[in-house]
Amino acid sequence: MKPSHSQERSKRAAGQGAAPGARTGAGCLVLVATPIGNLGDITARALEGLKSADLIACEDSRVTAKLLQHAGIEKSLLAYHDHNAEMMRPKILARIAAGERVALVSDAGTPLISDPGYKLVQAVVEAGLPVTMLPGPSAPVMALALSGLPSDRFLFGGFLPAKSKARREAAAEAARAPVTLIFFETAPRLVESLRDLQAVLGDRRAAVARELTKLFEEVRRDRLAALIAHYDEAGPPRGEIVIVIGPPEEQEASQDDVDTLLRRALRSMSVKDAAATVAAATGTPKRTVYARALELAGEK
Ligand code: SAM
């Protein structure tokens, strides 16, 4: 059944009325992901979206002009970056409200991910206008996927602060989360950042993903201390970098821990039950704990 006009209006007011992708004649903000190095990674939908846009809002018009030239697209560009966003936002909104299709791109990768756009999306949604996305490359997601570290839960921390004290504070905030951590870092600061991360997080498993999708793409996977040793010897690397750090690892229970728990359990339980309880609590193999429980029970 066709939705009524009032249903359509309330959907639009809730920001759900966007016609995804296709050109409809209605105004729309279209977030368009672009390559993070290899121009071949632009999607067919992104090219179509850029071609059919009335206007492309971009961070740096020189960077986007190069991409458009490569793709054979001629289009008027409007700079939208941190320094003019307040001023440009109402203008972009007015054009969408007037029925224009405005594409938003960043210099590289997915807009809004450590790039401008979030306040524009917020304003478009609040104005009840449609917003959709043509998804594509993003460095943090690619680095996570290639890191070999758990990808089921992760925390993206954006750029690490430039100063050591603030960097350690950022690491300490993230340390409590039992998830993989992802940070952006510049090449000249990589080693000092890895040192701060190790000081706060311990010698966790990590990966340094560099120059992704480019000629010298490299993913170096090791513990933080070994990565620091490598870059100390090899010198600072070049290019764009994402650091990925594994979640805290479960500490193996020491023999003392197992003994203490077993002695306590044996006061009220059979050897078999005490061993099963302590094995479950410490992650130590059942057979090992049972053998030790027998010894301790025999000492009584
Ligand atoms: N929005 C972008 C995205 O979705 O990938 C990220 C933009 S952020 C301003 C730029 C940072 O992303 C770089 O400083 C670097 O840390 C990371 N980055 C971007 N491209 C990269 C690449 N090809 N290889 C490794 N890191 C990259």
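Note that the structure is a prediction, hence the values are computed from the model and not measured. First listed ligand is number 1; within each ligand, the first listed atom is number 1.
Note on ligand 1: Ile241 sits in its first shell, one or more heavy atoms being nearer than 4.0 Å. Within the structure, ligand 1 lacks Pro111 among the residues with a heavy atom less than 4.0 angstrom away.
Within 6.0 Å of the CD atom in Gln69, the count of heavy atoms belonging to other residues, nucleotides or ligands does not exceed 12.
When atom types are taken as modelled, the side chain of Asp41 and the backbone of Thr34 share no donor-acceptor pair closer than 3.5 angstrom.
Considering only heavy atoms from C-beta on, Val32 comes within 4.5 Å of Leu50 through its side chain. Considering only heavy atoms from C-beta on, Pro161 stays 4.5 Å or farther from Glu169 through its side chain. Two residues are said to be in side-chain contact when any heavy atoms from C-beta on lie closer than 4.5 Å; Asp107 and Asp115 fail this criterion.
Closest approach of Ile36 to Lys214, counting heavy atoms only: O-CE, 3.5 Å. Contact record, Arg210 with Pro237: CD-CB, 3.5 Å, taken as the closest heavy-atom pair.
Looking at Ala143, Ala139, Ala187, Pro137 and measuring to atom 5 (O) of ligand 1, the nearest heavy atom belongs to Ala139. Among Pro116, Ala108, Gly117, the residue whose heavy atom sits closest to atom 2 (C) of ligand 1 is Ala108.
Nearest non-hydrogen protein atom to atom 24 (N) of ligand 1 is Leu212 N, 2.8 Å. For atom 25 (C) of ligand 1, the nearest non-hydrogen atom of the protein is Glu240 O, 3.2 Å. From the protein, the heavy atom lying nearest to atom 26 (N) of ligand 1 is Val242 CG2, 3.4 Å. Regarding atom 4 (O) of ligand 1, its nearest protein heavy-atom neighbour is Ser138 OG, 2.7 Å.
Polar contact check, Lys214 against ligand 1: no nitrogen or oxygen pair lies under 3.5 Å apart. Ligand 1 has no N or O atom lying under 3.5 Å from any N or O atom of Phe184, backbone or side chain. Of the N or O atoms in Gly37, none lie within a sub-3.5 Å distance of an N or O in ligand 1. The shortest N/O to N/O separation between Gly109 and ligand 1 does not fall below 3.5 Å. At least one N or O atom of Thr110 sits closer than 3.5 Å to an N or O atom of ligand 1. Between Asp115 and ligand 1, a contact under 3.5 Å exists for at least one N or O pair.
Atoms of ligand 1 found under 4.0 Å from any heavy atom of Pro140 (numbered from 1 in listed order, with element): 5 (O). Near Ile113, meaning under 4.0 Å from one of its heavy atoms, ligand 1 places the atoms 1 (N), 2 (C), 4 (O), 6 (C), 7 (C). Ligand 1 places these atoms under 4.0 Å from at least one heavy atom of Phe159: 8 (S), 9 (C), 10 (C), 11 (C), 14 (O).
Hydrophobic cluster membership differs between Phe159 and Leu181, with clusters built from Ile, Leu, Val, Met, Phe, Trp and Tyr side chains linked at under 4.5 angstrom.
In summary, of the residues considered (Val30, Thr110, Val121, Leu104), a side chain to side chain contact (heavy atoms under 4.5 Å, CB included) with Met133 occurs for Thr110 alone.
With 3.5 Å as the limit, one finds a donor-acceptor pair spanning the side chains of Ser254 and Asp257.
Checked against the 6.0 Å centroid criterion, the rings of Phe183 and Phe156 do not qualify as a close aromatic pair.
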